[in-house]
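For ligands, and for the atoms within them, numbers begin at 1 and follow the listed sequence. Count residues from 1 along the sequence. All values reported here derive from a predicted model rather than from experimental measurement.
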Amino acid sequence: MYKDFQTYLQTTLNEIREAGLYKNERVIITPQSSGIQVEGGKDVINFCANNYLGLADNKELIQAAKDRMDSRGYGMASVRFICGTQDTHKQLEKVISDFFGTEDTILYAACFDANGGLFEPLLTAEDAIISDALNHASIIDGVRLCKAVRYRYANGDMADLEKQLQAAQAQRFRIIATDGVFSMDGNVCPLDQIYALAQKYNALVMVDESHSAGVVGKTGHGVTEQYNLRGKIEIITGTLGKAFGGSVGGFTTGKKEIIDLLRQRSRPYLFSNSIPPMIAAAGLKTFEILTRDNVLQDRLHANTDYFVAKMKAAGFDIKPTQSAICAVMLYDARLSQEFAAALQEEGIYVTGFYYPVVPQGQARIRVQLSAAHTVEQLDKGISAFIKVGKQLGVLK
Ligand SMILES: *Cc1c(COP(=O)(O)O)cnc(C)c1O
């Protein structure tokens with residue numbers, strides 16, 4: 001039996017390779033940081049991590065994790081409701097609620113699970129989910145697992161959202177679901193207008209803050225800070241794997257009855273292990289650091305403004321961004337791969353994205369800025385972009 005299946009798999013893999021879509025993993029042999037070493041020993045400056053606040057190798061987080069592993073052990077060997085809830089988990093849920101100004105929080109092993117287990121317990125076939133077309137795969141999967149009627153609106157298109165909301169009046173309850181920051185362009189969802197439409201058409205709002213929390217808003221409290229909607233959004237999901245330390249863990253935070261029902265019915269919560277105490281403790285330390293002062297967010301915002309301004313001045317075509325994501329548009333798929341490879345030769349680590357990750361003919365290099373980048377590292381990155389840009393005919 002395996003012989004036939006093997007042939008089928010090999011054919012599929014070859015098709016992926018021939019289409020130029022095969023993903024090779026580059027191996028890093030140092031901690032995640034703004035400066036890393038890849039296998040073979042080359043030092044490169046990293047411009048493609050979700051390490052927005054530079055916490056992935058933070059000494060205080062590492063120490064907090066070590067201390068908690070010493071005092072509370074390695075793992076819980078249980079899901080939360082059987083015997084997998086330690087005080088550390090409850091403390092982390094409390095600080096996440098405080099950070100977002102919400103009523104309660106539930107932790108998951110990842111934001112993929114938070115989104116995957118969100119809709120099905122809350123809505124039935126009588127209800128509707130109205131989802132942005134560019135939402136993250138985990139929201140799409142979560143919506144698929146739920147029996148609610150599905151509506152889709154074009155990315156950030158409020159006229160289209162309004163049309164879908166009108167159609168969705170046929171259902172009992174409605175949830176509008178959106179990413180806070182869309183990861184390919186770096187644009188922020190127009191949450192003020194989404195919220196206004198939700199009020200007008202009697203809908204709830206769900207925002208995934210994975211790329212926006214810690215980044216967007218003057219003090220990095222996410223899109224609800226940016227649009228002055230703190231405490232107004234019913235459901236927020238997010239990850240501990242990006243700005244908040246870069247390890248693992250996800251959460252849903254919001255209205256207390258929603259969180260309570262998720263604890264009773266959300267399948268990735270009920271049937272998957274608790275996050276380890278050391279991860280929860282490092283999470284606690286992350287939020288402690290972020291409430292101490294605004295140094296990291298200020299540095300991230302300054303770094304992003306600096307990089308984007310210099311790249312525009314150099315003549316690059318940059319997508320308008322409101323986050324720490326800077327999409328350098330190249331349009332051509334092959335060019336995006338050549339460009340990224342040439343940058344790696346120059347010691348600059350980035351990834352070129354092309355169809356189907358972005359629309360056909362919209363290939364780009366996505367640069368992600370971090371509070372950990374020094375001005376010297378930013379300058380090196382910009383110079384390398386200009387050098388390669390000239391070599392490959394992107395800049396004159
Ligand atoms: C990264 C990301 C996720 C997944 O987060 P994990 O915690 O890594 O599972 C979910 N939603 C969005 C919008 C993301 O960017």
Closest protein heavy atom to [atom], given as residue, atom name and distance to 0.1 Å:
atom	result
atom 6 (P) of ligand 1	Cys111 N, 3.5 Å
atom 11 (N) of ligand 1	Asp208 OD2, 2.6 Å
atom 8 (O) of ligand 1	Thr239 OG1, 4.1 Å
atom 3 (C) of ligand 1	His136 CE1, 3.4 Å
atom 14 (C) of ligand 1	Lys242 NZ, 2.8 Å
atom 9 (O) of ligand 1	Phe112 N, 2.9 Å

Give the atoms of ligand 1, by number and element, whose distance to some non-hydrogen atom of Asp179 is under 4.0 Å. 13 (C)
Which atoms from ligand 1 have a heavy atom of Ser210 less than 4.0 Å away? 2 (C), 3 (C), 10 (C), 11 (N), 12 (C), 13 (C), 14 (C), 15 (O)
For Asn115, which part has a heavy atom under 4.0 Å from ligand 1: side chain, backbone, both, or neither? side chain
Do the charged groups of [X] and [Y] touch, with an N to O distance under 4.0 Å?
X	Y	result
Asp260	Arg263	no
Arg267	Glu120	no
Lys66	Asp70	no

Residue among Asn46, Asp57, Asn51 satisfying side-chain hydrogen bond (donor to acceptor under 3.5 Å, both in side chains) with Gln32: Asn46
Flag this pair as yes if the NZ/CZ of Arg26 is under 6.0 angstrom from the six-membered ring centre of Tyr349 and inside a 45 degree cone about the axis; otherwise no. yes
Specify whether Phe244 and Phe287 have parallel, tilted or perpendicular ring planes, treating 30° as the upper limit for parallel and 60° as the lower limit for perpendicular. tilted
Determine the interplanar angle of the Phe112 and His136 rings, folded into 0 to 90°, and report it as parallel if under 30°, tilted if 30 to 60°, perpendicular if over 60°. perpendicular
Ser138: heavy atom below 4.0 Å from ligand 1, yes or no? yes
